[in-house]
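Nothing here was measured: the structure is a model prediction, and the numbers come from that model.
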Amino acid sequence: MIDHKVRVHRSAERLAREDQLAWKIAAVAADPVGVEAEVTDMVINRVIDNAGVAAASLARRPVVAARDQALRHIPAPGRDGATVFGLAADTRVSPEWAAWANGVAVRELDFHDTYLAADYSHPGDNIPPVLAVAQHLGLDGHALVRGIATGYEIQVALVRGICLHEHKIDHIAHLGPSAAAGIGTLLGLPTETIYQAVGQALHTTTTTRQSRKGTISSWKAYAPAFAGKLAVEAVDRTMRGEGAPSPAYEGEDGFIAWLLSGPEARYAVALPAAGEAKRGILETYTKEHSAEYQSQALIDLARRLGPRIGDFGRVSAIVLHTSHHTHHVIGSGAGDPQKYDPTASRETLDHSVPYIFAVALQDGDWHHERSYAPDRAARPDTVDLWQKITTVEDKEWTRRYHSTDPAEKAFGARVVVELADGTTLTDEIAVADAHPLGARPFTRDEYIAKFRRLADGVLPAEEQDRFLDAATRLPELRPDELAGLTIAPQPPLTASGTQGIF
């Protein structure tokens with residue numbers, strides 16, 4: 001790996017293209033290096049993971065609306081088009097709209113993979129746009145695996161090297177460039193073309209974090225799909241010879257200078273050297289529970305702590321000593337009263353660790369629908385317990401959160417439960433049970449079990465079997481088999497009738 005130093009340059013300095021971060025990203029994407037077997041296996045796992053969480057969200061309103069929009073955009077003559085989750089495999093739409101609809105389906109339940117470092121990410125968001133382009137242009141499974149591996153590699157590198165959230169920039173600003181790079185690898189594009197696409201994607205996907213603050217709406221699920229759609233469009237434009245703002249990252253009126261840490265900022269982004277395998281996906285991890293990743297370990301902790309407490313009416317206070325990120329993003333340190341509001345949206349409750357911890361304590365479980373139901377959130381004994389839960393930052397947990405040592409890196413907390421009789425209970429957890437270093441790490445069997453659990457009652461057993469057969473053969477799929485990487489109930493869904501401009 002090479003640490004690329006990134007800083008702002010005045011226009012008069014005329015920073016060469018080859019010295020710009022967007023070019024270095026493009027060079028990695030254009031590198032014809034092969035994909036290691038371990039990486040290919042994990043790509044298959046994440047394709048399965050995405051499809052499972054999409055199956056569970058097919059009937060949800062934001063997903064229905066996105067699917068209806070996609071159905072208004074048929075592919076251009078002479079092109080195959082791309083499939084949309086829920087629709088028949090022979091129903092095709094333009095690839096940017098398939099990336100949009102499928103991206104929303106994957107993201108709606110906040111239930112797929114994650115990577116946390118200097119910033120946040122859900123790198124599985126790279127899969128819908130890369131897959132859509134592969135289907136549209138008649139490419140094979142081998143090319144798709146290469147494109148997905150690049151998307152993950154660039155996403156992980158940017159998330160590790162550049163913090164967005166401290167400047168209230170949403171993390172899709174890293175997703176646009178990574179998806180554009182992944183599509184560039186998929187298509188075997190030259191460095192120059194990918195470079196322009198990365199710059200365009202960065203420029204057009206830079207938005208604020210208000211999408212994950214206060215009253216959180218369906219845009220939380222739409223935002224990554226929007227980035228994927230724009231990445232497809234960016235690559236299309238640059239393949240036609242169009243360019244991007246340059247230097248996209250380092251310009252004196254650019255991304256770092258005005259939206260991040262300013263003209264004096266210094267960043268380091270580690271990328272593979274020429275000929276070095278792309279292994280970034282192996283640093284990422286999926287979710288066992290449908291909730292913000294920083295609450296995964298705390299749900300597991302609550303499941304084992306609840307029986308020790310017994311009567312929750314005895315609780316006078318619960319304090320979660322945790323990292324800066326957990327405290328300020330999903331904890332009481334965010335200062336969002338909505339995080340304690342029983343009438344809050346599902347998206348808001350997903351970003352409230354006090355709520356999540358209270359329900360997991362009481363139920364000893366977490367469910368992607370029941371745990372967010374309005375009557376569940378409004379239950380008086382839950383509201384009473386929920387209001388007693390707060391978070392505080394613990395510097396040691398913050399340090400471990402940012403550690404580069406996988407054996408030390410942690411996303412957990414120490415919990416102190418104060419009882420009415422003055423006694424206290426304490427416990428702690430570093431990583432979720434499903435984490436690679438957790439009590440029950442996910443393997444292929446767990447990915448398949450999660451898929452089947454979420455698809456149960458949505459997809460017929462034979463459709464589940466068909467999809468899993470296609471997914472597990474991903475590297476060998478012929479172009480005509482790539483349409484099999486979709487899912488549909490029986491009978492397949494059709495347009496729901498939502499009305500808009502299209």
> Does a salt bridge link Lys287 with Asp110, judged by any charged N lying under 4.0 Å from a carboxylate O?
Replying inline: yes
> Thinking salt bridges, do Arg7 and Glu13 make one under a 4.0 Å N-O criterion?
Replying inline: yes
> Does any N or O in the side chain of Thr206 come within less than 3.5 Å of the main-chain N or O of Leu202, such that one atom is a donor and the other an acceptor?
Replying inline: yes
> Between Tyr285 and Phe411, is the gap from one ring center to the other below 6.0 Å?
Replying inline: yes
> Can you tell me if Thr150 and Thr185 form a side-chain donor-acceptor pair at under 3.5 Å?
Replying inline: yes
> Taking atom NE2 of His402 and atom SG of Cys163, what is their separation to the nearest 0.5 Å?
Replying inline: 7.5 Å
> Where do Ala99 and Val232 come nearest, in terms of heavy atoms and distance?
Replying inline: CB-CG2, 4.3 Å
>> Whether the side chain of Glu276 engages the backbone of Ala273 through a donor-acceptor N/O pair (distance < 3.5 Å, no angle test) should be reported.
In response: yes
>> Please check: side-chain N/O of Thr208 versus main-chain N/O of Lys168, any donor-acceptor pairing under 3.5 Å?
In response: no
> Should Lys409 and Asp405 count as an ion pair when the cut-off is N to O under 4.0 Å?
Replying inline: no
>> Taking ring pair (Phe, Tyr, Trp, His ring centres under 6.0 Å) as the definition, give me every residue that meets it alongside Tyr372, ordered by chain and number, with sequence neighbours left out.
In response: Trp366
> From Glu36 CD over to Ile281 CD1, what is the distance, rounded to the nearest 0.5 angstrom?
Replying inline: 12.0 Å
>> Please determine whether the number of non-hydrogen atoms from other residues, nucleotides or ligands lying under 6.0 Å from atom NE2 of His325 exceeds 12.
In response: yes
> What's the spacing between Tyr195 OH and Ile25 CD1 if we round to 0.5 Å?
Replying inline: 11.5 Å
> With no hydrogens and no angle check, is any side-chain donor or acceptor of Arg400 less than 3.5 Å from a backbone partner on Ala410?
Replying inline: no
> Are side-chain N/O atoms of Tyr152 and Ser178 paired as donor and acceptor at under 3.5 Å?
Replying inline: no
> What heavy-atom pair brings Ala117 and Arg160 nearest, and what distance separates the two atoms?
Replying inline: CB-CA, 3.7 Å
> How long is the gap from CD on Glu250 to CG on Asp19, to the nearest 0.5 Å?
Replying inline: 9.0 Å
>> Check Arg46 with Asp49, please: is the shortest side-chain N to carboxylate O separation under 4.0 Å?
In response: no
> Taking all atoms of both residues into account, what is the closest heavy-atom pair of Gly176 and Thr205, and its distance?
Replying inline: CA-OG1, 3.9 Å
>> Surrounding CZ of Arg61 (heavy atoms of other residues, nucleotides or ligands, distance under 6.0 Å), is the total greater than 12?
In response: no
> Can you check whether Arg279 reaches Met1 side chain to side chain, under 4.5 Å on heavy atoms?
Replying inline: no
> What do you reckon, is CZ of Arg399 surrounded by more than 12 foreign heavy atoms closer than 6.0 Å?
Replying inline: yes
> Stepwise, does the side-chain contact (heavy atoms from CB on, under 4.5 Å) test hold for Glu233 with Leu230?
Replying inline: CA-CA 5 Å; Glu233 294 172 343; Leu230 292 186; 3.2 Å; yes
>> Any heavy-atom pair between the side chains of Leu187 and Val235 that's under 4.5 Å?
In response: yes
> For Trp386 and Phe357, what are the C-alpha separation, side-chain angles and deciding distance, and is it a ring pair (Phe, Tyr, Trp, His ring centres under 6.0 Å)?
Replying inline: CA-CA 8 Å; Trp386 175 9; Phe357 198 72; over 10 Å; no
>> Any side-chain to backbone donor/acceptor pair from Gln155 onto Asn126? Under 3.5 Å, distance only.
In response: no
> Under 3.5 Å, side chain of Gln294 to main-chain N/O of Gly412, donor-acceptor pair present?
Replying inline: no
> Passes side-chain contact (heavy atoms from CB on, under 4.5 Å), Thr348 versus Asp341? Steps please.
Replying inline: CA-CA 9 Å; Thr348 300; Asp341 181 358; over 6 Å; no
> Taking atom CZ of Arg240 as the centre, does the number of heavy atoms from other residues, nucleotides or ligands within less than 6.0 Å exceed 12?
Replying inline: no
>> Taking the basic N atoms (NZ, or NE/NH1/NH2) and the acidic carboxylate oxygens, is any pair closer than 4.0 Å for Glu18 and Lys24?
In response: no
> Hey, is Arg60 close enough to Glu108 for a salt bridge, meaning N to O under 4.0 Å?
Replying inline: yes
> Are His112 and Ile127 side-chain neighbours, meaning at least one heavy-atom pair lies under 4.5 Å?
Replying inline: no
> So does Glu446 pair up with Lys450, basic N to acidic O under 4.0 Å?
Replying inline: no
> With a 6.0 Å cut-off on ring centres, are Tyr120 and His165 close enough?
Replying inline: yes
> Okay, side chain of Ser217, backbone of Trp219: is any donor-acceptor separation there less than 3.5 Å?
Replying inline: yes
>> Taking side chain to side chain contact (heavy atoms under 4.5 Å, CB included) as the definition, give me every residue that meets it alongside Asp433, ordered by chain and number, with sequence neighbours left out.
In response: Glu288, Asp300, Arg303, Ile429, Ala439, Arg440
> Looking at Ala223 and Asp170, what are the two nearest heavy atoms and their distance?
Replying inline: CB-OD2, 3.9 Å
> Are a donor atom and an acceptor atom from the side chains of Trp97 and Gln69 found within less than 3.5 Å of each other?
Replying inline: no
>> Quick one, Val329 with Arg209, criterion side-chain contact (heavy atoms from CB on, under 4.5 Å). Give me CA distance, side-chain angles, the key distance, then yes/no.
In response: CA-CA 11 Å; Val329 175; Arg209 276 195 64 84; 4.0 Å; yes
> Could you go step by step and tell me if Tyr401 and His324 meet the ring pair (Phe, Tyr, Trp, His ring centres under 6.0 Å) rule?
Replying inline: CA-CA 9 Å; Tyr401 182 101; His324 176 276; 9.1 Å; no
> Just by modelled atom types, is the Val33 backbone N or O under 3.5 Å from a matching donor or acceptor in the Asp31 side chain?
Replying inline: yes
> What do you reckon, are the aromatic ring centroids of His289 and His367 less than 6.0 Å apart?
Replying inline: no
> Taking atom types as modelled and ignoring hydrogens, do the side chains of Thr391 and Thr322 form a donor-acceptor contact shorter than 3.5 angstrom?
Replying inline: no
> Any sub-3.5 Å donor-acceptor pair from Glu283's side-chain atoms to Tyr115's backbone N or O?
Replying inline: no
> Taking it one step at a time, do Ile169 and Thr207 satisfy side-chain contact (heavy atoms from CB on, under 4.5 Å)?
Replying inline: CA-CA 6 Å; Ile169 301 298; Thr207 62; over 6 Å; no
> Going through the distances and angles, do Thr238 and Gln200 end up as a side-chain hydrogen bond (donor to acceptor under 3.5 Å, both in side chains)?
Replying inline: CA-CA 9 Å; Thr238 61; Gln200 280 197 24; 5.9 Å; no
> Is the backbone N or O of Asp125 less than 3.5 Å from a side-chain atom of His122, with the two atoms forming a donor-acceptor pair by type?
Replying inline: no
